[in-house]
Amino acid sequence: MKLAVLPGDGIGKEIVAQAVKVLEVLKREGAKIEMEYGNIGGAGYDAEGDPLPETTLNLSKAADAVLLGAVGGPQYDKLDRPLRPERGLLRIRKELNLFANLRPALLYPELAGASSLKPEVVSGLDIMIVRELTGDVYFGQPRGIEVRNGERVGFNTMIYSESEVRRVAQVAFGIAMKRGKKLCSVEKANVLECSELWRDVVAEVAKDYPEVELSTLYVDNAAMQLVKNPKQFDVIVTGNIFGDILSDQASMLSGSIGMLPSASLDENNKGMYEPIHGSAPDIAGKDIANPLATILSVAMMYRYTFADMATADRIENAVKKVIAQGYRTGDIWTEGGHKVSCSAMGDAVVAAL
Ligand code: IPM
Ligand code: MG
């Protein structure tokens, strides 16, 4: 198994180092894992003048899976747009055709107190958001800022083709089949033509999955339902921009964005795996970040790319165990918990493995 390891910026290096500790355990036990490091984001710009250097792209294309930390930092905010760290992330998603982004929002029972919602509203929460990742207003043309009638205007294009909607809908229905068989498609078809097409195509795909109960919600209502009664959801499928927003919102239901992994898949289940959270420059280098989202991303890698459910379960169980044992990084710490550093949390997971 060839892995491209791209720590990126901010806390990226610290959290990826903990996930690599887990991979090293599996390697010592005989798993054939080859890891090669590359630069991405601000680290790519600093070292090679590009947020997605050619070397990193080639390394990632040749790999079976990519493990990513996080990108971005205030020192890069003034760079020209194409040189900014976020562009590196968007480009690698596009170049590897990673159109299906799986973002689970799962509440660990012990962390119910860390959620900003009442424990009874969130206990038992287990949602999978399937976000389309290579289309929509993120990539649509035309886009730009220009002067019209003597003033500047900014514009982007929200666009989806049928085939783009169909393939991500198929992934979402497939996942729903393996879970609670409920899928909610989120769009804004009362206002946007792009969403109208989305809704129609999802309804067509639904015919191939008669066992899955399909519902649709407008995105504003979905945002409300997510805080009102989040447990009504099983799988949610939505476009790139709505998925970006709703997945951050859903992550907070579970107490900490520091707990949530993600997978971004192409049609052959090659994938890039990364925590949902960002580079957190304010706490970078302090060894206090939560590495569990990155470690859980390795579990997702085993589940989706390597189809090794036993190892995926084993890593997830190790994380459950350290949570049950009371280990807490600052973001999930509440009175009575045992506060540990990022690296100590990594060591605890290794011990639990
Ligand atoms: C995410 C992030 C990215 C996105 C940014 C960093 C470009 O917010 O992965 O959700 O908007 O997709
Ligand atoms: Mg986001």
Side-chain angles (χ1 to χ4, degrees), residues 6-12 15-16 39-45 50-52 56 60 66-105 127-140 143 154 156-160 164 168 186 219 222-223 226 236-254 256-266 271-282 284 289-290 293-294 296-297 300-301:
L6 316 179
D9 307 322
I11 58 171
I15 54 178
V16 164
N39 293 308
I40 195 166
Y45 174 77
D50 186 341
L52 179 62
T56 301
S60 304
V66 180
L67 179 64
L68 181 89
V71 301
Q75 68 270 45
Y76 306 111
D77 285 352
K78 292 271 171 314
L79 288 175
D80 280 349
R81 229 159 239 291
L83 295 176
R84 290 194 202 159
E86 293 76 12
R87 271 302 166 90
L89 182 60
L90 296 178
R91 268 171 53 207
I92 196 169
R93 289 173 178 170
K94 191 78 176 169
E95 290 275 355
L96 299 181
N97 201 22
L98 306 173
F99 65 88
N101 182 210
L102 280 43
R103 297 190 162 190
I127 302 175
M128 177 67 89
I129 296 187
V130 180
R131 168 191 177 193
E132 200 289 331
L133 202 59
T134 53
D136 202 352
V137 69
Y138 270 65
F139 295 94
R143 64 189 292 164
N156 293 86
T157 301
M158 181 176 267
I159 179 166
Y160 268 120
E164 285 177 308
V168 76
V186 172
V219 62
L226 262 178
I236 292 174
V237 64
T238 189
N240 205 345
I241 186 81
F242 299 152
D244 178 45
I245 299 163
L246 293 181
S247 62
D248 263 33
Q249 190 187 340
S251 71
M252 258 302 135
L253 304 174
S254 74
S256 171
I257 196 165
M259 292 298 298
L260 298 179
S262 77
S264 306
L265 306 174
D266 74 2
M272 184 162 84
Y273 297 84
E274 59 179 308
I276 286 186
H277 61 71
S279 58
D282 51 322
N290 186 345
T294 317
L296 289 166
S297 296
M300 285 191 97
M301 178 186 294

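Ligands are counted one by one from 1 in listed order, and the atoms in each one are counted from 1 as well.
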At under 4.0 Å between heavy atoms, what of R103 touches ligand 1? The answer is side chain
In this structure, atom 2 (C) of ligand 1 is nearest to the protein heavy atom D244 OD1, 4.0 Å
heavy-atom search around atom 6 (C) of ligand 1 in the protein gives E86 CG, 3.8 Å
Note to self: Check this for me: F242, atom CZ, are more than 12 non-hydrogen atoms of other residues, nucleotides or ligands nearer than 6.0 Å?
What the structure shows: yes
Exercise for review: Report yes or no: does a heavy atom of E274 sit under 4.0 Å from some atom of ligand 1?
Suggested key: no
For the Mg ion (ligand 2), the nearest N/O/S atom on D244 is atom OD1
Nearest heavy-atom approach of T134 to E164 is O-OE2, 4.3 Å
Do any of the N/O/S atoms of D248, backbone or side chain, fall under 2.8 Å from the Mg ion (ligand 2)?
no
What do the steps show when you test V219 against T238 for side chain to side chain contact (heavy atoms under 4.5 Å, CB included), and what is the final call? CA-CA 9 Å; V219 62; T238 189; 5.7 Å; no
Discussion item. Ignoring hydrogens and geometry beyond distance, is a side-chain donor-acceptor pair present between Y76 and D9 at under 3.5 Å?
Written reply: no
protein heavy-atom neighbour closest to atom 9 (O) of ligand 1 works out as R93 NH2, 2.7 Å
Here the atoms of ligand 1 under 4.0 Å from any heavy atom belonging to R131 are 1 (C), 4 (C), 9 (O), 10 (O), 11 (O), 12 (O)
ask   = Mind checking whether R87 has a heavy atom under 4.0 Å from ligand 1?
value = no
query = Between N240 and L133, does a side chain to side chain contact (heavy atoms under 4.5 Å, CB included) hold up when you go through it step by step?
reply = CA-CA 5 Å; N240 205 345; L133 202 59; 4.0 Å; yes
Looking at side-chain heavy atoms only, is the closest gap between L89 and M272 below 4.5 Å? yes
Numbered in order shown, the ligand 1 atoms found under 4.0 Å of a heavy atom of Y138 are 4 (C), 11 (O), 12 (O)
Do E132 and N101 have side chains that get closer than 4.5 Å, going by heavy atoms?
no
